[in-house]
Every structure is written in C-alpha cells, then in structure tokens.
Q: 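The structure that follows is given in the form of structure tokens.
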Amino acid sequence: MSCSLLPPVLEARALRKSYGGVVAVAGLSLSVPRGQILALIGPNGAGKSTTFNLLTGHLSPDSGDVLLNGQSLAGLPPRRIWRMGVGRTFQVAATFGSMTVLENIQMGLISAHNRYRALWPWAGALYRDQAMALLDLVGLGPLGPLPCATLAYGDVKRLELALALVNDPHVLLMDEPTAGMALAERESVMELTVTLARQRTITVVFTEHDMDVVFRHADRVAVINRGTLLADGTPDEVQQNEQVRDVYLGRGATYRKQAPDAER
Amino acid sequence: MDFLLVQALNGLASASSLFLVASGLSLIFGVTRIVNFAHGAFYMLGAYGAYSLYRLLLPLLGTGWGFWLALPLTALAVAAVAALVEILILRRLYDAPELLQLLATFGLTLITEDLVLMVWGAEDLLGPRAPGLKGAVSILGQKFPLYDLALLAVGPVVWLALRWWLTRTRWGLLVRAATQDRAMVAALGVNQAWLFTGVFALGVFLAALGGAIQLPRDAIHHGMGLQVIVAVFVVVVIGGLGSISGALLASVLIAELNAFGILLFPRITLVLMFLVMAAVLIVRPSGLLGKPQAPAQAVSPSRPWQPWQPPVRWLLLAAVGLAASAPLWLGDYRLSVASEILIFMLFAASLHLMMGVGGLISFGHAAFFGLGAYGAALSVHWLQAPMGLALLNGPLLAIAGAILLGGFCLRLSGVYLAMLTLAFAQIVWSVLFQGGEWSGGDNGLLGIWPQAWAASPAAFYGLTLAVVVLAILLIRRLSLSPFGYAVRGCRDNPLRAEAIGLPRGPLHWACMVFAGAFAGLAGALYAFLKGSVFPDSVAIPLSVDGLVMVMLGGVQSLTGPVLGALVYKGLSMSLISAVEYWRLILGGLIVVLATALPQGLSGVIDLVRRAPPTGPSTEEPRP
Ligand SMILES: Nc1ncnc2c1ncn2[C@@H]1O[C@H](COP(=O)(O)OP(=O)(O)OP(=O)(O)O)[C@@H](O)[C@H]1O
Ligand SMILES: [Mg+2]
C-alpha cells in the first residue's frame with residue numbers, strides 16, 4: 001500500500017520545526033494517498049503532535065511545505081485549511097466548555113454552513129437534527145443535553161470526533177483518538193473511524209500508543225523518532241523492521257501511554 | 001542645548017522611581033501571575049509612611065540619620081503589611097480568573113486610599129529636603145538638584161542588584177524557575193506558598209521604596225497611587241510583563257517622553273504615553289522584552305448557558321411590569337434615581353456582552369459610555385440635534401471608538417487587553433478634559449435636556465425603561481445567536497474555534513463594537529438624564545463600577561450583571577450620601593466578593609436553589 005499509484009491527497013515535504021534548541025521535526029516527508037488510513041507512531045516526544053500541527057496550520061514550519069491535493073498550504077491559517085476539508089482532533093481534547101454536547105456540534109455545523117455571522121436566529125434551534133444524527137453516529141446520542149464538562153474523557157474524545165466530522169472532511173487527522181479509553185472502547189472507536197473512512201473515502205492519519213490498535217486498523221504505519229522517519233510500510237513490514245524494534249517495540253511488550261487525564 | 005540636557009537628566013531621575021515600582025510589579029507578576037493593581041497604593045503608603053517615620057525619628061536621631069533610616073525602614077514596614085495581605089487575601093486568588101485578581105487588588109487600592117485619608121487627611125504634605133543633598137550642582141550653567149543626581153543612580157543600581165540576585169542566589173534562581181514554569185517549582189520541593197509571599201513582599205518593598213524616595217522631590221497626596229499605577233501599567237506593558245530589564249528600558253522611555261512631552265505638547269502628554277504603548281503593542285504584542293503569555297480567560301467556562309425557564313420568564317415579566325408602573329407610586333426624585341439605575345443596568349449588560357460572552361476583560365468600558373454621552377451632548381450643543389438624533393449619534397461615536405480600539409486589540413488578550421482598554425479610556429478622557437472649547441474641558445457641556453415630551457421625570461423614566469428593556473433583550477438575542485455562540489466558542493477554546501473555521505480576531509472585534517454601541521446608548525441616555533456631560537463619565541472609577549456590577553451579579557449569565565447593577569447602584573447611591581468613607585466600604589465589598597463569592601449573586605442563588613448538577617467544577621484544588 002505504501003507505494004500506491006494514486007496521487008497523494010496530503011503531502012509533507014521536508015518539514016522542519018524546532019522550539020528554541022529542541023528540534024521537534026527534522027526534515028519529515030510523507031505522502032498519503034486518497035482513502036488511506038495511516039498510523040503515525042513513535043515514542044513520547046518523537047514529534048507526532050508537532051507534525052499534526054504543521055499539517056493543519058496550527059504551527060508554521062521553519063522550512064518545508066505541506067500540500068493538499070497538490071496545492072501548497074503555506075501561510076494559510078487553520079480555519080482556511082479546515083474549510084478545504086481537513087478535520088482534526090487534538091491530543092488534549094478541545095471542546096467548548098460553556099456549551100452542551102449538542103450545542104458543541106451545532107456550533108460546528110453553524111460554522112460549516114458559514115452562518116456564524118448571523119445575528120438574529122436562535123443558535124440552539126439551528127441544525128438540531130443534523131447534530132443529533134452526528135451524536136448518534138459516534139454513540140453519544142443520549143448525552144446531547146449534558147454540559148461538556150460532565151463527560152467522561154473517552155466521551156469527550158468521541159465528541160471531538162463528531163466535531164471533526166461536521167463539514168464532511170476528506171482528510172481526518174486524529175491525535176491519540178483513543179487515549180483515556182478502555183480496551184473495548186478503543187476498538188469500537190477505531191472500528192467506527194475505519195468504517196466511516198471506507199464509506200466516505202476519508203483519508204485518515206492518526207497517532208496511537210496502543211500497538212494492537214495500530215496494527216489492526218492501519219493500512220500503513222509510519223514510525224518517527226526524534227522528528228525523522230524511521231520506517232514506513234505495511235503493518236507487517238514495520239513489525240519486522242529491526243530498527244523499529246530497537247528504538248520502539250523492543251522496550252517490552254506493547255508500549256502504552258497512560259491516559260492523559262492529568263493534562264486536562 | 002544645556003536646557004535639554006538638564007531636562008533629560010530630570011527625566012532619568014523620575015525614571016528611577018518609576019522603575020522601582022514597575023520592577024516590583026513585574027517580579028510579582030512573573031512568579032504569581034497576578035497583576036497587582038494595589039501596587040500604586042503601596043507606593044503611596046511608602047511616601048506617607050516615610051513622611052511620618054521621619055518625623056518620629058527626628059527627635060531621636062536628628063535629620064541625617066532620621067531621614068536616611070526612615071526610607072528603608074518604611075519600605076520594610078510596608079513590605080511586612082504586604083506579606084500579611086498576601087497571606088490573608090491573595091493566596092485565595094492564585095487560581096481565580098484574572099478579572100477577579102485585578103478587581104480584588106483594585107479593591108485594596110480603594111481601601112488604602114480611604115485609610116490614608118483617615119490617617120493623614122486630605123491635604124498635600126511636603127516632605128523634608130534630603131539631608132546632605134540639599135544643594136544643586138551646575139551642569140553646563142544650569143542648576144540641577146543634587147538629590148535628583150543621586151536618584152539617577154538608584155535605578156541602575158537596583159537593576160544590577162536584582163540581576164545579581166536573580167542569577168546568583170538560590171532564591172533568585174527559584175524565582176526565575178517559577179517565572180518560567182510554575183509546575184517546576186512544585187517539583188523542586190520548594191514551599192511554594194512562602195516563595196510567593198516572599199516575592200510579593202519584595203515587589204512591594206521596591207514599590208514602597210519608590211514612593212519614599214519621592215519625598216524630597218514632590219508633595220505627596222492621596223491620588224498619587226492611582227496616578228503612578230497608570231504610568232506603571234504603561235511601563236510594564238511596553239517593557240513586557242515579567243521582564244525586569246524591559247521595565248528599566250520602558251521606564252526610561254516613558255520618563256523621558258514625559259520630560260520632553262511637557263515641553264513640546266503640554267496638553268497631550270498622557271495621550272503621548274498611551275500612543276507609544278499602543279504602537280509598541282501593535283508591533284510586539286508582549287512588550288519589548290516580554291514573552292508571549294498563554295491566552296487567559298475572564299471566565300472559567302464551566303457550565304452551559306441555560307435559556308430562561310418559564311418561572312424565570314414570568315418573574316422577569318412581572319419585574320418589567322412593576323418597573324413600568326413606577327411613575328404611579330414614585331416621586332420625581334426617586335424616578336430619576338430609578339432612571340439612573342436602569343441606565344447602569346444597560347451599561348452592565350453591555351460589559352457582560354464583552355466579558356461574559358467574549359471573555360474580553362475591559363478596564364476601560366467607561367470609554368464607550370463617555371463617548372456615547374459626549375456623542376449625544378456634542379450633537380445637541382453644536383448641531384442643535386433633536387433628542388432622537390442625539391440618542392443615535394451617541395452610540396455611533398462609541399461604535400467609532402470601539403472600531404478603533406478593536407483594531408488595536410485584535411492580537412491581545414488577558415491582562416494586556418485589560419491594560420490597553422484602560423489606556424484607551426485614559427486617552428479619551430484626556431482628549432475630552434483638555435479639549436478646550438469644543439468639549440467644554442473640565443467644565444463639561446451643560447444644557448443637554450430632553451425635548452418637551454420627555455422632559456418630565458416620569459416621561460423620561462418611561463423612555464429610559466423602554467429603551468433599556470429593548471436593548472437588554474437585543475443583547476440577549478445577540479448572545480444566543482450564531483454570532484454570540486461563535487464569540488463564546490472563541491472564548492471557551494481558541495484552538496477548537498480556529499480548527500472549525502471561526503476567525504477569532506474579527507469575531508472579538510465585532511463583539512467589542514456591539515458592546516461599545518450598547519454602552520454608548522447608555523451614555524447618551526445618561527447625558528439627557530443629567531442634562532450635562534463631564535469628563536468624569538470616561539474616568540476609571542466608572543469603568544470599575546461596571547466591573548463590580550458584573551462581578552456582583554455574576555459574569556456567567558445576563559441576568560447576573562443586570563441584577564448586580566440594581567443592587568450596586570442602589571447601594572452606592574445611598575452609601576455616597578450617607579457615609580464619609582464609602583471607598584473603604586466599596587473596596588471591602590470588592591475584596592470579599594472576589595475571594596468569597598467568585599460567582600457573584602447568581603452563584604449564591606444557584607447554591608440556594610441547588611441547581612441541576614453542573615458537573616465537576618473546573619476549578620481544581622490548589623497544588
Ligand atoms: N511548545 C513547545 N515548546 C517547546 N518544546 C516543545 C513544545 N511542544 C513540543 N515540544 C518538544 O518537541 C518535541 C516533540 O513534541 P511532540 O509533542 O510533537 O511529541 P509527540 O510525538 O506528540 O509526543 P507524545 O507522544 O508525548 O504526544 C518534544 O521533545 C517536546 O518536548
Ligand atoms: Mg503528542
């Protein structure tokens with residue numbers, strides 16, 4: 001799959017980013033063909049989140065470029081990139097705390113329909129059914145009227161997934177979508193993501209610390225370490241790779257990060 | 001030429017004092033993340049304290065020792081008071097939203113002002129000349145006071161001492177670590193509480209010393225605290241909050257600007273200072289040497305907004321009905337009091353739109369109120385506009401102001417925004433105050449009376465009630481519209497807002513313009529209610545009144561501020577007439593509110609009502 005002939009939807013070219021002295025991403029190139037589900041893995045601090053933020057315009061690279069369908073995204077703010085059909089979730093889930101679960105989605109839909117400038121309608125009455133449908137899709141149906149703050153962390157992650165879907169993205173970037181979830185829930189969320197991706201031909205890039213999840217659901221796995229690409233191939237190829245075993249898998253059985261509740 | 005040199009030296013001498021206060025403020029902010037509004041009050045205490053201590057020591061030690069000991073001893077004593085204040089009050093506020101911290105320390109300022117009035121009286125006091133440094137030296141034929149020459153050295157010496165302390169001592173190292181990363185200090189196993197107390201006391205020591213060394217130069221008076229804090233805010237904002245070297249650079253810049261501004265543009269020195277600040281903020285939003293701050297929040301987004309439930313709806317309807325019947329059972333005087341309260345309800349509601357919905361802290365909301373009042377008054381005075389048109393022109397002028405201010409503020413948030421709004425209000429104030437004939441200057445504009453049909457107190461009350469109720473309903477509609485949601489989304493989570501296509505800057509700008517328009521409408525009504533306008537309607541106290549109303553009611557909902565305005569305005573109008581030391585009471589009220597009742601009155605109502613589960617509080621226990 002990694003040497004697909006399809007033209008890439010998303011392409012990173014020699015991306016570099018450093019924070020002061022720390023080089024977080026050191027010349028990373030990646031190209032993701034349409035509809036592929038790519039797992040970006042690597043140890044803590046490898047530069048995964050930084051790469052995500054470079055792809056979505058939340059950070060601007062020191063050098064290098066990001067292309068979406070062959071078009072450069074350099075200098076575009078995240079909101080423009082989003083309007084070009086790139087949805088994302090964050091490692092530390094980002095939702096609107098003063099709104100209910102349902103209103104969060106409504107907010108997204110209002111923006112997706114470009115109606116956030118409207119002064120007169122009641123926002124709470126707009127796109128209700130669509131919002132409910134999205135909540136049902138991610139399994140949050142009954143939780144609509146609850147304040148965001150009361151959700152369990154796993155449910156917040158689901159809410160973020162729903163938020164990322166409001167404008168029917170054709171690229172979905174998910175930073176640790178299953179962090180803080182129990183094993184069964186991880187499976188079901190990834191299952192859902194994969195099903196959606198196949199149905200709607202969404203190109204998905206996700207990071208994940210649970211190798212079982214990665215190898216079961218990804219079409220392709222890219223391993224980065226210290227900001228550079230260490231290996232890139234099918235799950236089988238990557239699992240066989242000596243170097244990857246050394247720096248990453250060799251440390252023990254499946255490496256699992258603790259639920260990042262503490263980061264909230 | 002020689003004259004210019006002396007003027008420059010003069011500027012540098014003033015810079016020293018400014019630097020002492022500013023570096024203290026910066027130090028405290030760096031470690032505790034609190035912008036200490038009360039810093040000016042401690043500066044003032046330093047001056048008054050030194051004055052009294054000197055007179056106490058004089059018979060015992062004589063002039064020489066008496067004077068030179070009084071300065072540091074006073075600063076130490078004030079620092080001890082500050083440590084107590086930190087332990088009793090500020091400790092409760094470290095994790096509170098910035099708005100509460102600013103307000104609580106402002107409350108301390110009010111309290112101090114009245115205490116100073118009580119102890120030292122209202123008259124200006126003249127301090128002694130500095131023993132041993134009474135004469136003057138001749139510089140290029142110009143006389144320059146010896147004491148000022150000595151002051152020149154104080155700034156750089158303190159700067160060097162602070163740098164040495166910060167880089168070479170264990171405590172200094174801890175302070176620097178805490179400035180960079182608070183969590184790290186906790187990890188180092190240091191007693192954080194005492195570190196904070198120590199830093200606060202040190203910062204206040206510098207401020208009090210800054211006040212004490214002014215003693216031989218200037219008369220001291222009870223307004224000097226507020227005066228210096230505005231200048232110091234400008235200094236730390238220009239230099240960069242938390243940066244000591246930035247404070248030195250900026251205090252020299254501002255002091256020189258003042259020294260020469262007085263010569264070149266005596267009427268607009270204040271404006272000049274703020275223009276420089278605005279220019280710096282536009283180019284470097286974190287000041288010359290400051291580091292970018294994480295975006296701060298005025299409100300902790302803890303629970304969803306609830307639409308008015310049927311019982312609340314009926315209650316509000318009944319309240320409006322009752323208010324409408326007031327002309328039947330209230331006399332003329334009370335009716336105009338009621339009109340004033342209504343006007344401030346609108347003012348508070350407009351501030352809520354900006355702070356509660358937009359999360360934009362404003363310490364200069366009176367600017368819009370004042371622009372509205374002057375917009376109406378100027379069109380009546382100069383254009384003989386009818387009342388209807390004037391009531392429209394007021395908000396229009398406020399909108400123009402908001403568009404201007406919003407343009408400058410697009411990239412700012414948190415305390416920087418609060419300070420820029422404060423600065424903007426001061427600019428508007430000084431333009432109006434020094435405006436001469438067209439604005440009436442200090443004397444204001446008189447004879448702004450409503451037209452005949454609305455001239456009676458009852459009729460004007462009716463008009464006010466109608467306009468205010470309508471405007472508040474509009475504000476509510478706006479906050480619950482897609483636009484209001486989008487603005488609130490940007491407040492709740494800028495990251496997510498940007499990631500779903502919401503442009504934060506323009507949305508906040510628009511929010512500020514709407515808030516300005518409604519505040520301007522309130523101001524225009526106020527002009528007609530009073531029949532006159534004065535620069536006071538733009539001054540800091542009015543901005544703070546607005547903040548207290550919003551806080552008192554609770555910033556989480558629109559009903560809160562409106563209720564807060566009712567209670568606060570009613571209370572303060574009766575207090576001012578009945579009590580001599582109203583600032584003491586008001587200040588105390590603010591401090592108690594900020595520390596004990598962060599959610600305001602609506603928070604209390606929630607507690608009593610045992611509202612539906614609102615989920616785990618977002619306020620985490622202090623580490
Ligand atoms: N804002 C920042 N300032 C300074 N350094 C940073 C910043 N963000 C990340 N870094 C550093 O950049 C490197 C890459 O971080 P990044 O967050 O991209 O890693 P990651 O692969 O997402 O790790 P994790 O699995 O922990 O999420 C790390 O060394 C990190 O310490
Ligand atoms: Mg990460």
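The chains referred to below are lettered A, B, ... by the order of the sequence lines, with proteins before strands, and numbering in each begins at 1. On a predicted model such as this, the values are computed, not experimentally measured, just so you know. Computed from heavy atoms alone, side chains included, the values below leave out hydrogens, waters and symmetry copies.
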Q: Taking atom CH2 as the centre, does B:W314 end up with more than 12 heavy-atom neighbours from other residues, nucleotides or ligands that are less than 6.0 angstrom away?
A: no

Q: For the residue pair A:Y116 and B:P503, establish whether any side-chain heavy-atom pair is separated by less than 4.5 Å.
A: yes

Q: Taking A:R117 for its side chain and B:F483 for its backbone only, find out whether a donor-acceptor pair lies under 3.5 Å.
A: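 No: the side chain of A:R117 does not pair with the backbone of B:F483.
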
Q: Quick one: what part of A:R115 sits under 4.5 Å from any heavy atom of chain B, side chain, backbone, both or neither?
A: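 Interface part for A:R115: backbone (N, CA, C, O).
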
Q: Under the 3.5 angstrom rule, does the side chain of B:R477 hit a backbone N or O of A:W120 as a donor-acceptor pair?
A: yes

Q: Count the heavy atoms of every other residue, nucleotide or ligand shown that sit under 6.0 Å from CZ of A:R80, and state whether that count exceeds 12.
A: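 12 or below, so no.
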
Q: Do you know the tightest heavy-atom contact between B:P482 and A:A123?
A: N-CB, 3.7 Å

Q: If I measure from the heavy atoms of chain B, does A:I110 come under 4.5 Å with its side chain, its backbone, both, or neither?
A: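 The side chain, not the backbone.
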
Q: State the CD-OH distance between A:E103 and B:Y485, to the nearest 0.5 angstrom.
A: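 Answer for the CD-OH pair, A:E103 versus B:Y485, is 3.5 Å.
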
Q: If you count heavy-atom pairs under 4.5 Å with chain A, which of B:A510, B:A486, B:G489, B:G501 comes out on top?
A: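 Going by pairs under 4.5 Å, I would pick B:G501.
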
Q: Shortest non-hydrogen contact from A:S98 to B:R488?
A: OG-NH1, 2.8 Å

Q: Would you say that A:M107 contacts B:L502 through its side chain, given a criterion of any heavy-atom pair below 4.5 Å between the two side chains?
A: yes

Q: Which heavy atom of B:E498 sits nearest a heavy atom of A:P77, and at what distance?
A: OE2-CB, 3.8 Å

Q: Less than 4.5 Å to any heavy atom of chain A: does that hold for the side chain of B:A497, its backbone, both, or neither?
A: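 Both backbone and side chain.
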
Q: Would a 4.5 Å heavy-atom cut-off, applied to side chains only, mark B:I500 and A:F96 as touching?
A: yes

Q: Hey, are the side chains of A:T95 and B:R496 touching, using non-hydrogen atoms and a 4.5 Å cut-off?
A: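 Answer no - side chains too far apart.
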
Q: Do you know which of A:G124, A:A164, A:P121, A:A125 has the most heavy-atom pairs under 4.5 Å to chain B?
A: A:P121

Q: For atom CZ of A:R13, decide whether the heavy atoms of other residues, nucleotides or ligands shown that lie under 6.0 angstrom number more than 12.
A: no

